[in-house]
Amino acid sequence: MSFAYLTVRDRLPTILTKVIDTIHRNKNNFFEEHGEEGVNAEKRAISFLSKLRNELQTDKPVLPLSDDAEDTVAWNEYMQRQQDMMEDRQPVSWFKSPWLYVECYMYRRIQEAVWLNPPIGDFDVFKEGKTQTFFESQQAIMFLCTHLREVLTSMDNPNEKQLFDHFLKFLQVSLWGNKCDLSISAGQDNSQKISPIESLASLQRFILVDDSDQVWSALMTLQGSRETEKRGARVDLILDNAGFELITDLVLGDFLVSVGLAKEVRFHGKSFPWFVSDVTKKDFDWTIRQTMASNHKQMSACGVQWKRFLKEGVWSYHDHRFWTLPHEFCDMPTDAADLYTDLQGSDLILFKGDLNYRKLTGDRDWEHTVPFARALRGFRPAPLCSLRTLKANVQVGLQPGHGEMLTSQEPDWMTNGKYAVVQFFCPPREQ
Ligand code: F6P
Ligand code: MG
């Protein structure tokens with residue numbers, strides 16, 4: 001049985017059941033905030049979601065969205081595209097459509113349940129889990145913040161080698177931070193409790209492709225280029241999960257600007273709750289506020305600094321509806337031309353996580369030796385790098401025989417979250 005099939009059969013209904021339970025547990029809060037209207041909204045949302053779970057479990061055709069959001073038309077058009085691709089005109093159903101599509105679709109339908117019931121339209125069904133992992137990872141967060149502040153104060157006039165060593169560590173911490181997503185564990189605890197820096201050496205052998213030195217060279221080339229010297233390099237970080245992973249990304253963003261490797265870092269999040277643990281604007285702001293408010297001196301110093309970066313515009317937060325559409329990234333130039341044009345202005349784009357990797361590569365059944373550049377199928381807004389721990393059945397850019405060897409030793413190597421890649425692509429210069 002494929003991982004995709006098991007996800008749709010087991011993991012997605014479990015997630016839906018948890019969402020229903022969360023909404024139900026918040027009934028009193030809805031009543032306090034909105035009176036009877038809140039309770040009615042709760043009832044309607046639960047009945048909508050129970051029906052959705054039944055549609056999924058009995059392999060019913062997927063339905064067009066019935067809300068009136070900014071992205072509704074795009075979703076319904078995409079559904080039609082899936083339909084047009086079906087052989088013998090069968091309807092697109094939960095088990096008979098591409099996994100990437102149907103999984104994204106479920107999260108959008110959950111949001112439909114919330115949006116169709118305006119009194120609770122702002123409710124984040126995944127907030128509790130995200131908050132919990134943040135609090136459960138406090139020790140690791142304090143450790144990481146302390147390490148960052150110590151590195152920054154100790155580096156008066158660092159040579160390139162020292163800078164590179166630190167860069168590598170912060171990049172790898174952000175990479176392994178991606179182990180902490182909540183959708184693979186269907187919402188179970190996935191918090192980080194041990195020192196993230198100390199574990200790096202033992203994790204090195206699990207990085208299957210490590211293009212970190214190319215990422216470094218790209219940043220170094222920018223330092224030397226006259227054009228970027230004037231305006232400074234811009235790094236775009238396409239975020240994945242809240243909780244510990246977000247902290248690792250903020251720490252990386254802090255390091256990049258504090259040592260002058262970047263002049264500007266743009267964080268990109270999701271515009272509604274997505275894949276259980278993904279970062280929304282509210283999560284982003286909440287995390288910075290919590291970090292600032294910590295009793296731990298170094299942690300709160302980080303929070304204060306991050307707030308300052310945002311205020312000064314050195315950091316900024318962005319969301320675009322494309323990140324919560326089911327489209328592969330090679331569709332971006334046609335389906336979200338404004339976002340593609342925006343990303344073309346970047347000097348380096350870091351894509352966090354597994355879902356972004358699936359969208360970069362179109363989630364195809366590629367041979368493992370297919371070059372990353374080919375799997376991107378023309379998606380080339382700027383130099384880009386995927387920082388991803390493997391949780392789905394797609395992996396490209398391996399040496400011949402490597403994938404086969406892994407399969408023979410550990411059949412679930414692509415989905416057990418033990419392995420990772422740092423995979424870089426640089427578009428060729430225009431002549
Ligand atoms: O369930 C599908 C999936 O894409 C997995 O591959 C992964 O567990 C999860 O969803 C998302 O992971 P990430 O947060 O790293 O994108
Ligand atoms: Mg995620």
Side-chain angles (χ1 to χ4, degrees), residues 1-16 18-19 56 94-95 97-108 110 124-127 129-130 133-134 174-192 206 237-249 267-280 283-284 287 319 323-329 350-365 385-396 412-423:
M1 258 177 279
S2 74
F3 184 66
Y5 176 76
L6 291 175
T7 295
V8 181
R9 196 194 65 180
D10 301 334
R11 207 144 45 92
L12 298 191
T14 307
I15 290 170
L16 273 176
K18 286 201 170 165
V19 169
L56 187 167
W94 286 86
F95 288 89
S97 55
W99 175 34
L100 178 62
Y101 166 64
V102 95
E103 200 174 11
C104 291
Y105 172 78
M106 184 192 79
Y107 289 97
R108 181 58 179 81
I110 294 176
D124 180 344
V125 296
F126 301 123
K127 177 73 193 161
K130 291 184 273 194
T133 36
F134 175 82
S174 164
L175 169 69
W176 290 115
N178 182 243
K179 266 193 171 194
C180 306
D181 97 276
L182 290 177
S183 83
I184 192 82
S185 57
Q188 293 296 313
D189 172 23
N190 217 347
S191 53
Q192 175 78 27
F206 295 106
L237 225 159
I238 318 302
L239 296 169
D240 187 359
N241 303 303
F244 182 68
E245 179 169 359
L246 175 58
I247 294 287
T248 65
D249 298 334
F267 295 95
H268 299 258
K270 308 295 192 295
S271 35
F272 61 81
W274 184 249
F275 276 70
V276 187
S277 40
D278 284 21
V279 179
T280 63
D283 299 323
F284 188 84
T287 304
D319 49 30
W323 304 123
T324 42
L325 286 175
H327 300 58
E328 307 164 9
F329 289 162
L350 299 173
F351 285 92
K352 292 297 311 281
D354 193 72
L355 180 61
N356 278 330
Y357 192 83
R358 291 172 66 195
K359 288 182 164 188
L360 282 165
T361 58
D363 211 25
R364 303 289 155 86
D365 192 13
C385 175
S386 163
L387 299 172
R388 171 231 187 184
T389 60
L390 280 63
K391 303 169 203 158
N393 279 312
V394 53
Q395 183 55 57
V396 296
D412 63 348
W413 64 278
M414 276 188 285
T415 53
N416 62 17
K418 254 170 74 177
Y419 293 91
V421 290
V422 177
Q423 231 161 356

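Indexing begins at 1, ligand by ligand and atom by atom, following the structure's order.
- Here R388 has no heavy atoms under 4.0 Å from ligand 1, in either its backbone or its side chain.
- The shell of residues lying under 4.0 angstrom from ligand 1, judged by heavy atoms, includes R11.
- Using cut-offs of 30° and 60° for the angle between ring planes, the F267 and F284 rings count as tilted.
- Within D278, the N, O or S atom at minimum distance from the Mg ion (ligand 2) carries the name OD1.
- Residue L355 has at least one nitrogen or oxygen atom sitting less than 3.5 Å from a nitrogen or oxygen atom of ligand 1, judged on distance alone.
- Here the closest non-hydrogen pair linking T133 and G243 is OG1-CA, 4.1 Å.
- For ligand 1, the atoms closer than 4.0 angstrom to any heavy atom of F275 are 10 (O).
- Counting the atoms of ligand 1 from 1 in the order shown, those under 4.0 Å from a heavy atom of W99 are 1 (O), 2 (C).
- Residue D354 places at least one N or O, backbone or side chain, under 3.5 Å from an N or O of ligand 1.
- Within D240, OD1 is the N, O or S atom that lies nearest to the Mg ion (ligand 2).
- For the residue pair D319 and K270, the shortest heavy atom distance occurs at OD2-O, 4.0 Å.
- Backbone and side-chain nitrogen or oxygen atoms of D278 are examined, and none is located within less than 3.5 angstrom of a nitrogen or oxygen of ligand 1.
- At a threshold of 2.8 Å, the Mg ion (ligand 2) has no backbone or side-chain N, O or S atom of D354 nearer than that distance.
- What you find for L237 and K352 is that their closest heavy atoms are CD2-CG, 3.7 Å.
- Among the atoms of S277, no N, O or S atom falls under 2.8 Å of the Mg ion (ligand 2).
- A salt bridge links D283 with K127: the distance from a Lys NZ or Arg NE/NH1/NH2 to an Asp or Glu carboxylate oxygen falls below 4.0 Å.
- At least one N or O atom of D240 sits closer than 3.5 Å to an N or O atom of ligand 1.
- Within the listing of ligand 1, atoms 15 (O) sit less than 4.0 angstrom from a heavy atom of G353.
- Put simply, the side chain of F351 reaches to within 4.5 Å of the side chain of F329, judged on heavy atoms.
- Taking a cut-off of under 4.0 Å to the non-hydrogen atoms of N178, the atoms of ligand 1 that pass are 15 (O).
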